[in-house]
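Chain naming here is simple, since letters A, B, ... match the order of the sequence lines and numbering starts at 1 in each.
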Amino acid sequence: MTYFDQTIHRVGFACKYMHPDRTLSKKLLEDIERPINGRTTTVKWLSSQPKRRAEERLWELTKSNINSVRLLIKYVATLPPNQRMVRIGSEVMPVYTHPDWSYFYQQPDVKTYCERTLAAIGDLAREHDVRVSMHPGQFCVLASDNPDTVNNSIDEFEYHIDIARMMGYGQKFMDMKVNVHIGGRGGPDGIRAVLPRLSTEARNCLTIENDEMSWGLDASLELANDVALVLDIHHHLIRDEEYIQANDDRFKRVIDSWRGVRPTIHYSVSREDLLVGHDPNVLPDMKQLLESGYKKAKLRAHSDMMWNHASNDWALTFLPYSDIMVESKFKNLASTKLVEHYERQIKAAV
DNA sequence: GAGGGTCAAGTCCGT
DNA sequence: ACGGACTTGACCCTC
């Protein structure tokens, strides 16, 4: 087992808190979890309401969601230093980029409220050394071949950057990562073309992640001199059917793209209910699974927990070089259990 | 209170 | 060409 520094090597989770005691009633769990997790609405519902009522709703959601970010970071701050990393969900300010509703957030009282509260939350994160990030969703396609989609995607990306900026991030290269996939048919050139149109803060935060279907690691490596790269080791496994190694030259180039800042990689594993009966001590063999009829579309879906020890051992070989964002359905429960399992292994080995 | 229908946006795969 | 998956629930509404 390799050297392990509690204060440097982080494992985090994404967007949502789950209470550890799952034996509690559904209602009680909801009461506990609800304030910590984001809520949202739909354009359709908002536009069906009188303007006044819709605005009230947006106010309520915005206040609730900003407070939920605060509570989430407060929770992460109670974790050991090696688990102080979390992704903030995108629903903080619902419909922020929708043409009918973006005005709402430009109103001075709303804007001031968001700036003031998010600044304090950024301070809280820095005070407790919580590493934060964001990840715009599937509709943010900066490299689309449709100019309208690119325009909308820039707005959507800059929305995330507004949050980062209000929290006090974006001033230095990669003080916060806001991660997207290449996504569109424009590929790496499409991403490069859009860079001059982004704010300085956006360029400081943008990371590009390799996709599990279309644009893989080789494509994102073309951007190594332009942006920081996020290696998703499971995506690479799905797409290229390869367990990339931590000493691989391609990973070295990923590390270099962060220009001295400690990178983050993404790690997930195929669903446990898809690979029923699979030995948790054996690495899933992609080629074999595909030959026996499993589809990539199914294999890409995230598991509840990090159930495969062999896969975890592989993922954790990256930890000396980068933080690991665990992507799983059971969120903090999966990442915490993974860390605790790893630490027990280290203790046993000493 | 439970259950069913619905939701801004893009892209890919399979038929 | 088109539907469904991905994401992926969460929410509203009706009963």
Original post:
Just by protein heavy atoms under 4.0 Å, how would nucleotides 10-15 of chain C read 5' to 3' in B, S and -?
Top reply: SSSS--

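- For the atom pair Leu229(A) CG and Leu206(A) CG, the distance stands at 9.5 Å (nearest 0.5 Å).
- Put simply, the side chain of Asn82(A) never gets that close to the backbone of Val11(A): no donor and acceptor are under 3.5 Å apart.
- Ring geometry for Tyr96(A) against Tyr159(A) counts as tilted: the plane angle lies between 30° and 60°, on a 0 to 90° scale.
- In this structure, dT8(C) shows a glycosidic angle within 90 degrees of zero, which is the syn conformation.
- Residue ring and nucleobase are not stacked for Phe139(A) and dG10(B) under a centre distance beneath 5.5 angstrom and an angle between planes beneath 30°.
- Contact between the side-chain N/O atoms of Arg185(A) and the OP1/OP2 oxygens of dC12(B) is found at a separation under 4.0 Å.
- Using atom C1' as the reference point in both dT7(C) and dG3(B), the two lie 23 Å apart (nearest Å).
- Atom name P, nucleotides dG3(C) and dC7(B): the rounded distance is 16 Å, in whole Å.
- Ion pair Glu60(A)/Arg57(A) flagged as a salt bridge, since at least one NZ, NE, NH1 or NH2 atom sits closer than 4.0 Å to an Asp/Glu carboxylate oxygen.
- Interatomic distance, Leu283(A) CG to Gln288(A) CD, rounded to the nearest 0.5 Å: 11.5 Å.
- The CG atom of Asp232(A) sits 11 Å away from the P atom of dT7(C) (whole-angstrom rounding).
- For the pair Thr149(A) and dG10(B), the criterion of a side-chain N or O lying under 4.0 Å from OP1 or OP2 is met.
- Taking atom CG on Leu299(A) and atom P on dC6(C), their separation rounds to 11 Å, with Å as the unit.
- His309(A) and His341(A) have parallel rings, their planes meeting at less than 30° on a 0 to 90° scale where 60° marks the start of perpendicular.
- Look at Ser144(A) and you'll find a side-chain N or O under 4.0 angstrom from OP1 or OP2 of dT11(B).
- Of the candidates His266(A), His302(A), His181(A), His235(A) forms a ring-ring contact (aromatic ring centres under 6.0 Å, His included) with just one, namely His181(A).
- The C1' atoms of dT8(C) and dG1(B) are separated by 23 Å, rounded to the nearest whole Å.
- Between Trp314(A) and Tyr267(A), the ring-plane angle classifies as perpendicular under the 30° and 60° cut-offs.
- Pairing analysis of DNA chain C (Watson-Crick: purine N1 to pyrimidine N3 plus N6-O4 or O6-N4; G-U wobble: N1-O2 and O6-N3; both under 3.5 Å) yields stems of 3 or more pairs at B:1-7 with C:9-15, B:10-15 with C:1-6.
- Using P as the reference atom, dC13(C) and dA8(B) are 14 Å apart when rounded to the nearest Å.
- Protein atom NE2 of His266(A) is 14 Å distant from nucleotide atom P of dT7(C), rounded to whole Å.
- Between Glu209(A) atom CD and dT7(C) atom P the separation is 12 Å, expressed in whole Å.
- Comment: Arg22(A) engages Glu33(A) in a salt bridge, judged by a side-chain N to carboxylate O separation of less than 4.0 angstrom.
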Every protein N/O lying under 3.5 Å from an N/O of nucleotides 13-15 of chain B:
none

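- Two residues are said to be in side-chain contact when any heavy atoms from C-beta on lie closer than 4.5 Å; Ile208(A) and Trp215(A) fail this criterion.
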